[in-house]
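This report refers to the structure that appears directly beneath it.
Counting convention: from 1, in listed order, for ligands and their atoms alike. Not measured: the values here are computed from a predicted model.
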Amino acid sequence: MSRPEPYVGRFAPSPTGPLHAGSLVAALASHLDARAHRGRWLLRIEDLDPPREARGASAAIIDALARLGFAHDGEIVFQSTRDAAYRAAFDRLLAAGHVYPCACTRREVADSALRGALDRPRNAELVYPGTCRHGMPAGREARAWRVRVDAAPIEWRDRRAGASTERLDESVGDFVVRRADGLWAYQLAVVVDDAWQGVTDVVRGEDLRDSTARQVHLQRLLDLPTPRYLHVPVVLDAHGEKLSKQTGAAPIDPHEGVRALNAALAFLGLGEVGAEGPAAFWPEAIARWARSPWMDGG
Ligand code: GLU
């Protein structure tokens, strides 16, 4: 099949802790997919949330990836250096009337969302009820900035799971692009950077599937292309929770080398490679990915 543009993929970890068995799966899947498509693979550190950042985590992630033989193309991009780009995107949304200031506290949103939607599943994300959509109540000050959503369904495709349709007015409501603490929201930054870096294929954990419709909405408002998406399963802990840095997942010991890589490969259903070191692991792992159903639709 001919491809209109060369493949560009990326791994975009948030430095909230070191690389662990869960984030390694996302890193591996995105890297294998890029190499199997003879594409580029970029590394972007999503350090736009200093309060949630763990000291030394960026360096630890970069070091662990290098030792495991992940070779990224180009310079590593740090989102902490990209403020001007996020501001420009925000200003564009503002000028077009797509964003508005919101005075609601988290508590107020939670209270009204619960009152308004008793029939929603218990763990569903709270839907912003639109309190400040037509102006903030008198005497209140702006906290966060939200982007308007409407009832038009957002349609997008996952390479593996297929077509998906989401009505953002029902699932999340107008959502935050600039947080009350003045930081840019992940949803805005990820869209700006994926486009700026020319990313054609986003391969990441299934936990981010729920964010995709919001990202597609922002891409459309900002006239940015929508990449192809592939979401891979996430590693769960003994309690069925996503393995994460926040729940204290053990860091990958890069000296473990192939053992850690093989565990991630097996998790993706591609078995283990009998290799002594990372250098011998990669060609076989890429070949297996290229023959696997993960390549379908890509
Ligand atoms: N920074 C996000 C995370 O570590 C991933 C962003 C993405 O892949 O879209 O969860």
Below the 3.5 angstrom mark, is there an N/O of A12, backbone or side chain, next to an N/O of ligand 1? yes

Which of the atoms of ligand 1 are close to V190, meaning less than 4.0 Å from one of its heavy atoms? 9 (O)

Check R159 with D201, please: is the shortest side-chain N to carboxylate O separation under 4.0 Å? yes

Find all atoms of ligand 1 within a distance of less than 4.0 Å from any non-hydrogen atom belonging to Y186, and give their numbers and elements. 6 (C), 7 (C), 9 (O)

Just heavy atoms, cut-off under 4.0 Å: does D207 contact ligand 1 by side chain, backbone, both, or neither? neither

Looking at R204, which atoms of ligand 1 are within less than 4.0 Å of one of its heavy atoms? 7 (C), 8 (O), 9 (O)

Please check if the distance between the ring centroids of H72 and W41 is under 6.0 Å. no

Distance filter under 4.0 Å to E46 heavy atoms, resulting ligand 1 atoms: 1 (N), 2 (C), 5 (C), 6 (C)

Results of salt bridge (charged side-chain N to carboxylate O under 4.0 Å, His left out) for R160 - residues two or more places apart only: none

CA sep, side-chain torsions, deciding dist, call: F78, E46, side-chain contact (heavy atoms from CB on, under 4.5 Å): CA-CA 6 Å; F78 291 83; E46 301 211 318; over 6 Å; no

From the list W289, F281, W282, ring pair (Phe, Tyr, Trp, His ring centres under 6.0 Å) with H31 holds only for W282

Within the 4.0 Å heavy-atom cut-off, what P13 brings close to ligand 1 is backbone

Going by the atom numbers of ligand 1, which of them fall below 4.0 Å from some non-hydrogen atom of R10? 7 (C), 8 (O), 9 (O)

Electrostatic pair R82-D47, nearest N-O below 4.0 angstrom: no

Can you tell me which portion of K242 lies within the under-4.0 Å heavy-atom range of ligand 1? Options are side chain, backbone, both, or neither. neither

Between S30 and A26, is there a donor-acceptor pair closer than 3.5 Å when you use the side chain of the first and the backbone of the second? yes

